[in-house]
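Numbering of residues begins at 1 and proceeds along the displayed sequence. Computation of the quantities below employed the complete heavy-atom set of this structure, encompassing side-chain atoms and omitting hydrogens, waters and symmetry-equivalent molecules.
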Amino acid sequence: HGVTSLVADFLVGSVGANAIAIGLVVFAVSALLSSLVENIPVTLTLIPVIDAISPRVGVDPVVLAWGVLSGITAGGGYTYIGSGANVVAVHLLESRGSKVTFAEFAKTALAFNAVNTLIVLALYTTIWLLQL
């Protein structure tokens with residue numbers, strides 16, 4: 001219904017047609033959304049967006065798809081709702097009597113996932129973005 005084009009227009013309008021900058025923004029948006037929403041809906045939502053962005057900036061959609069996948073992988077660990085494995089782990093802990101709040105999980109996960117995000121971003125940039 002045009003939402004994909006609106007999002008693509010907004011991202012390209014905000015960042016410009018620089019393929020590396022778009023790749024970094026796609027990574028960041030994916031990571032942020034993935035920390036708040038389960039990975040699969042984020043992926044399904046962003047695939048049409050990158051299909052709309054790629055011709056506007058003249059970049060292969062596979063490069064942006066790797067940005068989405070990398071960002072989702074990195075961002076999913078910040079909260080337990082971002083990853084199915086984290087949901088299962090929290091439920092297992094709670095079934096054994098350990099109460100895990102959202103804030104406690106996020107605080108504990110922050111340092112590890114910040115390092116993880118930087119490593120994943122460095123790999124995505126090196127393998128995909130610097131090849132443009």
Out of curiosity, [X] [atom1] to [Y] [atom2], how far, rounded to the nearest 0.5 Å?
X	Y	atom1	atom2	answer
Thr101	Lys107	OG1	NZ	8.5 Å
Ser5	Arg56	OG	CZ	5.0 Å
Ile50	Leu11	CD1	CG	11.5 Å
Thr126	Gln131	OG1	CD	8.5 Å
Leu24	Leu121	CG	CG	6.0 Å
Asn113	Thr108	CG	OG1	11.0 Å

Hydrophobic cluster membership, with links at side-chain heavy-atom distances under 4.5 Å among I/L/V/M/F/W/Y: are [X] and [Y] in one?
X	Y	answer
Phe10	Ile47	yes
Val37	Ile81	no
Val3	Leu64	yes
Ile72	Leu118	no
Val87	Leu33	no

How far apart are the closest heavy atoms of [X] and [Y], and which atoms are they?
X	Y	answer
Ala19	Leu132	CB-CD1, 3.6 Å
Pro55	Ala52	CD-O, 3.6 Å
Val26	Gly67	CG1-C, 4.1 Å
Thr45	Pro48	O-CD, 3.3 Å
Leu129	Gly23	CD2-CA, 3.9 Å
Gly77	Asn86	CA-ND2, 3.6 Å

* Asked: Which of parallel (below 30°), tilted (30 to 60°) and perpendicular (above 60°) describes Trp66 and Trp128?
  -> parallel
Give a yes or no on whether the backbone of [Y] and the side-chain of [X] come within a donor-acceptor separation of less than 3.5 Å.
X	Y	result
Ser98	Glu94	no
Ser34	Ala31	no
Thr79	Ser35	yes

* Please step through side-chain contact (heavy atoms from CB on, under 4.5 Å) for the pair Asn18 and Val57, ending with a clear verdict. => CA-CA 7 Å; Asn18 181 319; Val57 296; over 6 Å; no
* Go through the structure and list residues passing side chain to side chain donor-acceptor pair (under 3.5 Å) with Asn116, not counting sequence neighbours. => none
* Full working for side-chain contact (heavy atoms from CB on, under 4.5 Å) between Phe27 and Val120 -> CA-CA 10 Å; Phe27 177 92; Val120 172; 3.8 Å; yes
* Passing option when Phe105 is tested against Tyr80, Tyr78, Phe112 for ring pair (Phe, Tyr, Trp, His ring centres under 6.0 Å) -> Tyr80
* To do: Show the numbers, then the answer: is there a side-chain contact (heavy atoms from CB on, under 4.5 Å) between Val63 and Tyr124?
  => CA-CA 9 Å; Val63 172; Tyr124 170 61; 4.1 Å; yes
* 4.5 Å side-chain heavy-atom contact, Asp60 and Ser54 -> no
* Asked: Is the number of heavy atoms from other residues, nucleotides or ligands under 6.0 Å of Leu123 CG greater than 12?
  -> yes
